[in-house]
Amino acid sequence: MTSNPKTISKSLTAVSIETPAGHFIAHFSEAGLARLEFPRRTATLPQPSLNEWSSKQLKWLAITKRAICDTLRGQPASEFPPFDLSSGTDFQQCVWKALRGIAMGAIKSYGEIAQEIGSPKAVRAVGGACGANPIPLLVPCHRVLAANLHLGGFSGGLDWKLRLLAAEGVDVRLPGSRRAWGE
DNA sequence: CCACGGTGGTAGA
DNA sequence: TCTACCACCGTGG
């Protein structure tokens, strides 16, 4: 019963995706989109030669770009690429699957997710799994808030979490008190 | 507002 | 193994 995801090493192909909000970096495996990074200040990646890509991956790339742009505009994506979430533990994959069930504009709490996956007390662990989500934005961990509509955290920086929620029309109890403005 | 204890899962030693 | 983290939660000042 012990799956050991860390022993699975996969070769990933990274590509930068240009959007109105900056350059995201997507990593594809043979199975699908495996990782997505928010735009950074620091230098962007050299673009790999696209002719080494399978037509399969080129298609995923187009779908991914469309899905990112739609989500940023607060519109439901019409299509997602396949996700390769095999890097996660069983528990994490369980959580990530639950995250995918949260519709755009909807929110859930860490506690609700915990309940949903059948481990009602594993609340902190759910937070940990959200933080380990390799595909933020498209696996919508930004739609998970703490209790009482408190913001909680976000691996990509809380400013992103706020921005995404705002785009989806969700208003959050703002952290005038809640500390930590993650960077 | 703050402090604290109870939590379950992970990573590192 | 044991231990020390945590994107939490509820309760009590």
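All heavy atoms count here, side chains included; hydrogens, waters and symmetry mates do not. Keep in mind the model is a prediction, meaning the values are calculated, not measured. The sequence lines fix the lettering, A, B, ..., with proteins before strands; numbering per chain opens at 1.
For the atom pair OG (A/S11) and CZ (A/F28), the distance works out to 13.5 Å, reported to the nearest 0.5 Å. The CZ atom of A/F38 lies 5.5 Å from the CG atom of A/L164; values are rounded to the nearest 0.5 Å. Expressed to the nearest 0.5 Å, how far NE2 of A/H142 lies from CD1 of A/I102 amounts to 9.0 Å. Atom-to-atom distance recorded for A/H23:NE2 and A/R40:CZ is 14.0 Å, nearest 0.5 angstrom.
In terms of the side-chain hydrogen bond (donor to acceptor under 3.5 Å, both in side chains) criterion, residue partners of A/K108 (sequence neighbours excluded) are, by chain and number, A/E116. Checked against salt bridge (charged side-chain N to carboxylate O under 4.0 Å, His left out), A/R124 has no partners two or more places apart in sequence or in another chain.
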Can you name the atoms? Protein N/O to nucleotides 10-13 of chain C N/O, anything below 3.5 Å, with the distance.
none

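Rounding to whole angstrom units, CZ of residue A/F154 and P of C/dC8 are separated by 14 Å. In this structure, CZ of A/R124 is placed 13 Å from P of B/dG9, rounded to the nearest angstrom. Distance, A/H142 NE2 to C/dA7 P: 19 Å, rounded to whole Å. When the P atom of C/dA7 is taken as reference, atom CH2 of A/W160 falls 21 Å away, rounded to whole Å. Taking atom CG of A/D159 as the reference point, atom P of C/dA7 lies 16 Å away to the nearest angstrom. Rounded to an integer number of Å, the gap from A/H150 NE2 to C/dA7 P is 17 Å.
Ring centroids of A/W160 and A/F154 are separated by 6.0 Å or more, keeping the two rings apart.
With A/W96 as the partner, the side chain to side chain contact (heavy atoms under 4.5 Å, CB included) test is satisfied by one option alone out of A/C130, A/P134, A/C141: A/P134.
Sorted by first and then second residue, the salt bridge (Lys or Arg N to Asp or Glu O under 4.0 Å) pairs involving residues 60-69 of chain A (not counting sequence neighbours) are A/R66-A/E79.
Nearest nucleotide to the side chain of A/T89, out of B/dG8, B/dT10, C/dA7: B/dT10. Taking every side-chain heavy atom of A/V123 into account, C/dC9 is the closest of C/dC9, B/dT10, C/dA7.
Remark: DNA chain C forms stems of 3 or more consecutive Watson-Crick or G-U wobble pairs, all pair distances under 3.5 Å, at B:1-6 with C:8-13, B:8-13 with C:1-6.
Within a 6.0 Å radius of NZ in A/K121, no more than 12 heavy atoms belonging to other residues, nucleotides or ligands are found.
Listed by residue number, the members of residues 105-122 of chain A with any heavy atom below 4.0 angstrom from DNA chain B are A/K121, A/A122.
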Subject >> Worked verdict on A/M104 versus A/D70 for side chain to side chain contact (heavy atoms under 4.5 Å, CB included) >> reply: CA-CA 11 Å; A/M104 171 164 288; A/D70 284 345; over 6 Å; no
